[in-house]
Amino acid sequence: RDGDRGSSSLRLGRLSRVLVVAEVALSFGLLATAGMMSKGPLLYGRQDPGFESQHLLTAQVSSRLDAYPEANDRNRFFRALLARLDAVPGVHAAALTTSLPGLPASTSRFQLRDATYGTDEDLPLTRIGFVAPQFFGTLGAEAVEGRLFNEADDADGDPVVIVNRSFAQRFFPGESPLGKQLRTGGLGSEDAWATVVGVVPDLRMNGPKPGRSEGILLPLYQRPQRLVSLLIRASGDPLGLIPLVRSAVAELDSDLPISQTRTLQTAIADDTRSELVFFTLVLICGTIALVLAAVGLFGVLAFSVRRRTREIGVRIALGAEVRSVLLGILRGGMIQVTVGLAAGVLLALALSPLVQGLFSGHQLADWRVYAVVTALMLATGFAASLIPAARAVRVNPVEALRRE
């Protein structure tokens with residue numbers, strides 16, 4: 001009260017207004033960034049993944065080099081393993097893959113036959129996975145075009161490859177990819193040219209986040225890998241199969257390591273856990289900043305009203321309309337909010353490149369998200385300004401003058 005008038009009061013009022021503007025800007029930047037981050041997984045999660053994700057159990061198996069040194073040895077082991085798993089009660093279907101659907105597959109450079117490339121850096125990149133013939137039936141995925149792999153697609157068969165829909169649309173626009181040939185690796189690759197025999201849904205080979213999902217699938221029996229994942233569809237609860245699956249694997253090879261036994265949905269959720277933690281922290285910080293901005297705005301306006309009690313009382317005594325006094329106080333608060341919002345938009349645009357690939361793909365800014373956050377900020381600012389403004393119009397002119 002001692003500082004209601006004078007230069008110290010003016011300096012304090014200016015500093016308070018600057019802090020409110022900064023809090024509004026910070027709150028907008030954080031909330032808009034959180035909104036952009038959440039928009040990606042929310043919308044992407046509603047899209048059809050191209051396979052049935054329920055009741056799927058996964059586990060990782062690594063075939064030992066000493067026990068399975070040759071490709072044919074690994075193929076015999078893979079076939080024996082699938083036969084044992086199919087015999088387990090409660091197992092509806094089982095398959096082997098190096099790339100679980102819904103999780104990011106590894107990438108590889110590749111060449112299209114009849115295309116010209118200068119250096120290895122000119123070669124395009126694609127997601128790549130090796131799958132057993134049972135892979136598609138286990139997922140409930142069907143061919144969009146052409147055929148799926150079968151047991152004849154082994155080392156003695158012709159090299160074949162299946163591409164997903166995004167790959168076909170990007171590299172063979174307006175034409176069928178069937179019969180086209182490609183091979184993986186750099187310009188010096190000795191891999192055989194594989195013929196495209198089918199097109200399947202994308203199967204989210206890029207993982208649970210939006211972005212490019214072009215991918216190819218190669219027959220596991222033509223190019224057997226050491227590290228593979230089991231993909232088992234259960235008739236009931238997939239977690240109930242874990243002891244039976246471990247027992248079946250141990251009967252085939254008691255020294256075979258089996259790890260990361262979990263449902264496919266859990267595996268997908270684990271892959272985005274760190275991003276979700278970051279998103280939650282940004283959202284919490286933005287909410288705290290919004291609350292601080294609202295409290296700060298209320299405090300600044302209440303302080304201003306108290307300083308202007310005598311002025312407001314005199315104006316009302318001289319016949320000033322209540323509405324003009326009310327609008328004057330509200331206008332002062334909303335100007336601070338508007339300036340803070342303008343600064344917040346710039347802050348949000350500056351933060352967008354840092355997180356654009358995290359959840360929301362390649363989109364730098366979504367003005368619908370910005371509009372929602374702006375409406376929230378304006379509503380909060382209006383509410384914080386309304387109480388001091390309502391208090392101002394209730395000033396009794398006699399009491400206001402008596403304070404002096």
Side-chain angles (χ1 to χ4, degrees), residues 56-88 91 93-101 103-110 126-139 141 147-162 182-185 189-195 197-198 200 203 205 215-233 241-242 244-262 264 267:
L56 286 172
L57 181 70
T58 70
Q60 198 171 78
V61 175
S62 178
S63 56
R64 297 176 290 112
L65 281 175
D66 58 338
Y68 313 99
E70 302 295 335
N72 289 334
D73 298 327
R74 288 193 285 274
N75 280 341
R76 282 193 294 270
F77 164 73
F78 291 154
R79 287 189 167 96
L81 177 59
L82 291 177
R84 284 186 177 272
L85 292 174
D86 286 335
V88 172
V91 172
L96 294 171
T97 177
T98 61
S99 173
L100 290 172
L103 291 176
S106 59
T107 58
S108 172
R109 295 197 180 274
F110 70 96
T126 184
R127 302 282 182 180
I128 183 173
F130 301 86
V131 300
Q134 299 85 349
F135 175 77
F136 304 101
T138 302
L139 289 180
R147 69 171 179 89
L148 302 175
F149 295 144
N150 54 50
E151 293 292 333
D153 294 320
D154 56 14
D156 297 327
D158 294 330
V160 293
V161 62
I162 289 176
L182 61 87
R183 69 178 177 187
T184 57
S189 174
E190 296 181 358
D191 292 344
W193 290 99
T195 302
V197 296
V200 295
L203 304 179
M205 294 183 69
I216 63 174
L217 296 170
L218 297 166
L220 181 64
Y221 293 157
Q222 285 188 349
R223 298 172 62 175
Q225 308 294 303
R226 287 188 58 246
L227 186 64
V228 296
S229 292
L230 301 175
L231 188 63
I232 301 170
R233 180 168 296 280
L241 291 178
I242 293 178
L244 298 177
V245 170
R246 289 187 177 276
S247 178
V249 174
E251 290 175 2
L252 183 63
D253 187 343
S254 59
D255 296 326
L256 192 69
I258 179 171
S259 60
Q260 299 188 23
T261 307
R262 52 188 174 172
L264 181 62

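Since this is a predicted model, take the numbers as computed values, not measurements. Values below: all heavy atoms of this structure, side chains included; hydrogens, waters and symmetry mates excluded.
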Stepwise side chain to side chain contact (heavy atoms under 4.5 Å, CB included) test for Gln260 and Thr58:
CA-CA 7 Å; Gln260 299 188 23; Thr58 70; over 6 Å; no
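- The shortest distance between side-chain heavy atoms of Val245 and Thr261 does not fall below 4.5 Å.
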Is there a side chain to side chain contact (heavy atoms under 4.5 Å, CB included) between Thr98 and Val131? Walk through the geometry before answering.
CA-CA 7 Å; Thr98 61; Val131 300; 6.0 Å; no
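- The neighbour count for Asn150 CG, taken as heavy atoms of other residues, nucleotides or ligands under 6.0 Å away, is above 12.
- Two residues are said to be in side-chain contact when any heavy atoms from C-beta on lie closer than 4.5 Å; Asp158 and Thr195 fail this criterion.
- The two residues Arg233 and Leu139 make their nearest non-hydrogen contact at NH2-O, 3.6 Å.
- Under the 4.5 Å side-chain criterion, counting only non-hydrogen atoms from C-beta, Leu218 is not in contact with Ile162.
- Residue pairs meeting the side-chain hydrogen bond (donor to acceptor under 3.5 Å, both in side chains) criterion with at least one partner in residues 75-85, sequence neighbours excluded, are Asp73-Arg76, Arg79-Glu151, Arg84-Glu251.
- Across Leu148 and Ala141, no two heavy atoms sit closer than the pair CD1-O, 4.1 Å.
- Checking side-chain atoms of Thr138 against main-chain N and O of Gln134 turns up a donor-acceptor pair under 3.5 Å.
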What's the verdict on side chain to side chain contact (heavy atoms under 4.5 Å, CB included) for Gln60 and Leu227, showing C-alpha distance, side-chain angles and the deciding distance?
CA-CA 7 Å; Gln60 198 171 78; Leu227 186 64; 3.6 Å; yes
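- Partners of Asp191 under the salt bridge (Lys or Arg N to Asp or Glu O under 4.0 Å) rule, at least two apart in sequence or in another chain, are Arg223.
- Taking 4.5 Å as the limit, every side-chain heavy atom of Thr126 sits out of range of all side-chain heavy atoms of Thr107.
- For Ile128 against Ser99, the heavy-atom pair with the smallest separation is O-CB, 4.2 Å.
- Looking at Pro159 and Trp193, their side chains never come closer than 4.5 Å, going by heavy atoms from C-beta outward.
- Expressed to the nearest 0.5 Å, how far CG of Leu220 lies from CZ of Phe135 amounts to 11.0 Å.
- The CD1 atom of Ile258 lies 10.0 Å from the OG atom of Ser229; values are rounded to the nearest 0.5 Å.
- Annotation: side chain of Phe130 is not in contact with side chain of Leu217 (no heavy-atom distance under 4.5 Å).
- Pairing each heavy atom of Asp154 with each of Gln222, the nearest pair is O-CG, 3.0 Å.
- Nearest heavy-atom pair across Ala267 and Leu103 is O-CD2, 3.6 Å.
- Proximity of Arg127 to Ser106: side-chain heavy atoms (C-beta onward) are nowhere separated by under 4.5 Å.
- When all heavy atoms of Ile216 and Met205 are compared, the closest pair comes out as O-CE, 3.7 Å.
- Checked against Leu100 for a side-chain contact (heavy atoms from CB on, under 4.5 Å), the options Leu231, Leu56, Leu230 give a single hit: Leu231.
- Once rounded to the nearest 0.5 Å, the distance linking CD of Glu190 with CZ of Arg183 reads 9.0 Å.
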Would Asp153 and Tyr221 count as a side chain to side chain contact (heavy atoms under 4.5 Å, CB included) here? Give the steps.
CA-CA 7 Å; Asp153 294 320; Tyr221 293 157; over 6 Å; no
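- Side-chain contact between Val91 and Leu241 is present, with heavy atoms from C-beta onward closer than 4.5 Å.
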